[in-house]
Amino acid sequence: MNNFLVITNKLKDPLFTCTNRIRDYLERHGKICSVEASVKEDLNIPEGTECVIVLGGDGTVLRAARCAADENVPLIGVNLGTLGYLAEINSDDLEEALGQLIQDDFTKERRMMLSGSVVVTTGEPDKEENGRRDFALNDIAITRKGSLQIILLYIYVNGQLLQTCHADGILVATPTGSTGYNLSAGGPIVEPNAELILLTPICPHSMNSRTIVLSAKDEVVIEIGEREKGAEQEVEACFDGSVKIEMRTGDRMKIKRAEKSVEMLKIRQDSFVEVLRKKLNAE
């Protein structure tokens, strides 16, 4: 690899100490290195970029992954956060890792993404409109908006009603996202290269509600129900913890595997089980 883009979370590297280490190392070895000081929705990845190096925590990696997937450019994360499940490189091993990258000593892992699109009610009988659509590498969380209250959700899989859910919300996650919000909500940890979809209720108002594991080929539709006495319910659909779409009673979110994906670079030989053991023991 010869052409790199470094994306830095300024809150994690305020003096650009780690950023400059990377740029100086790459340029000393005759490589091209551009730097972006933040992850923006309209981030422009320079033409010819072969690798995106992301400095920060998992949130920064997730935001950068959305841009990298659009341009079909692989990325790798440098952990400046806490656990950093998505970050492959530790700052202590930075030069060694960069040496592997410029020597093409790595493997590639393609991670599936989710596509979520809203079908909006118009108030007119038998008339609906397609609303916003977005993508997620980790998860799409549909949660209550505003005051503390249980929301009613109708969950369909491939056109069939799966369950009626009373909860704070519902989380639709990828294998990559299984170690994020899904894990905190009591969902299972899944090997990141698997191809499946996880449905995990958030604080369900039920004694027997569990995560449901679906095929990556399935389509999930989540319909927003009414509150008590016919009152309208307002919720938020949040993609990877950043992009939010407001929804209300009668609206539906269609979620399925996205056509695009994220390619992540792996330089370590540790198995998923070994990495997981280290991360869990670090908590």
Side-chain angles (χ1 to χ4, degrees), residues 1-10 12-13 16-40 43-113 136-138 174-177 179-180 191-193 240 260-272 274-276 278-279 282:
M1 285 187 171
N2 296 294
N3 198 328
F4 296 82
L5 171 65
V6 177
I7 298 176
T8 301
N9 183 333
K10 291 186 290 185
K12 304 291 185 180
D13 191 23
F16 294 95
T17 304
C18 192
T19 303
N20 290 333
R21 279 176 63 191
I22 295 175
R23 180 169 55 187
D24 292 346
Y25 182 94
L26 293 174
E27 290 181 347
R28 283 201 312 269
H29 288 79
K31 308 303 178 182
I32 299 171
C33 181
S34 304
V35 174
E36 281 284 348
S38 62
V39 186
K40 301 171 291 186
L43 175 67
N44 180 35
I45 297 179
E47 185 176 353
T49 299
E50 297 174 88
C51 176
V52 174
I53 302 175
V54 185
L55 278 68
D58 282 352
T60 313
V61 174
L62 288 172
R63 291 191 294 273
R66 296 162 60 86
C67 304
D70 288 336
E71 301 296 332
N72 198 28
V73 178
L75 84 160
I76 190 166
V78 178
N79 184 27
L80 300 181
T82 50
L83 288 178
Y85 279 102
L86 297 178
E88 175 74 8
I89 303 172
N90 293 318
S91 58
D92 294 340
D93 307 321
L94 196 53
E95 283 75 16
E96 180 182 353
L98 293 173
Q100 289 184 246
L101 287 178
I102 64 178
Q103 294 172 18
D104 295 335
D105 182 15
F106 53 77
T107 56
K108 296 181 179 180
E109 293 183 348
R110 190 162 291 279
R111 306 287 184 89
M112 66 172 282
M113 299 182 73
L137 172 59
N138 255 15
T174 66
T176 299
T179 52
E191 207 283 332
N193 288 319
D240 281 342
K260 60 183 178 181
S261 58
V262 175
E263 193 170 61
M264 304 191 74
L265 301 183
K266 182 177 176 62
I267 59 174
R268 298 175 182 170
Q269 299 303 315
D270 296 348
S271 68
F272 170 69
E274 178 67 12
V275 172
L276 186 61
K278 292 178 180 177
K279 297 293 186 182

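Source: prediction; values computed, not measured.
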Verdict with supporting geometry, Glu71 and Thr49, side chain to side chain contact (heavy atoms under 4.5 Å, CB included): CA-CA 9 Å; Glu71 301 296 332; Thr49 299; over 6 Å; no
To the nearest 0.5 Å, how far apart are NE2 in His29 and CG in Asp24? 11.5 Å
Could you tell me whether a side-chain N or O of Asn3 sits under 3.5 Å from a main-chain N or O of Glu50, the two making a donor and an acceptor? no
Measure across Thr176 and Pro192 and return the closest heavy-atom pair with its distance rounded to 0.1 Å. OG1-O, 4.0 Å
Atom of Val262, atom of Ala69 and distance for their closest heavy-atom approach: CG2-CB, 3.9 Å
Show the nearest heavy-atom pair for residues Val54 and Ala64, with the distance to one decimal. CG2-CB, 3.6 Å
Between Thr174 (side chain only) and Asn138 (backbone N and O only), is there a donor and an acceptor less than 3.5 Å apart? yes
Thr19 side, atom OG1; Leu80 side, atom CG - distance, nearest 0.5 Å: 8.0 Å
Measure from the side-chain N and O atoms of Asp13 to the backbone N and O of Cys18, and report whether any donor-acceptor pair falls under 3.5 Å. yes
Given the rule in the side chain to side chain contact (heavy atoms under 4.5 Å, CB included) test, do Met264 and Val61 qualify, once you have shown the distances and angles that lead to the verdict? CA-CA 10 Å; Met264 304 191 74; Val61 174; 4.1 Å; yes
Nearest 0.5 Å, please: how far is CG in Leu26 from CD in Glu95? 10.0 Å
Look up atom NZ in Lys12 and atom CG in Leu55, then write down how far apart they are to the nearest 0.5 Å. 11.5 Å
In sequence, state the C-alpha distance, the side-chain angles, and the governing distance for Asp58 and Thr179, and then conclude on side chain to side chain contact (heavy atoms under 4.5 Å, CB included). CA-CA 11 Å; Asp58 282 352; Thr179 52; 5.9 Å; no
Met112 and Ser261 have their tightest heavy-atom pair at CA-CB, 4.5 Å
Looking at Ile267, is its backbone amide N or carbonyl O close enough to the side chain of Glu88 to form a donor-acceptor pair, meaning the two atoms are under 3.5 Å apart? yes
Quick check on Glu47: does its CD atom have over 12 non-hydrogen neighbours (other residues, nucleotides or ligands) under 6.0 Å away? no
Rounded to the nearest 0.5 Å, how far does CG of Leu98 lie from CZ of Phe4? 7.5 Å
Working note: Leu137 + Arg111, criterion side chain to side chain contact (heavy atoms under 4.5 Å, CB included); need CA distance, chi angles, decisive distance, verdict. CA-CA 8 Å; Leu137 172 59; Arg111 306 287 184 89; 3.8 Å; yes
Closest contact, heavy atoms only, Cys51 versus Leu265: SG-CD1, 3.7 Å
Do you know which two heavy atoms are closest between Pro46 and Leu5, and how far apart they sit? CD-CD2, 4.0 Å
Answer yes or no: is there an ion pair linking Asp240 with Arg63, defined by an N-O contact shorter than 4.0 Å? no
Looking only at atom types and distance, does a side-chain atom of Glu36 sit under 3.5 Å from a main-chain N or O of Ile7, one as donor and one as acceptor? no
Which of these passes side chain to side chain donor-acceptor pair (under 3.5 Å) with Thr60: Thr8, Asn9, Asn79? Asn9
With a 4.5 Å heavy-atom cut-off, do Met1 and Ile102 have their side chains touching? no
Heavy atoms from other residues, nucleotides or ligands near NZ of Lys260 exceed 12 (cutoff 6.0 Å): yes
Glu96 CD to Tyr25 OH distance, which is reported to the nearest 0.5 Å: 9.5 Å
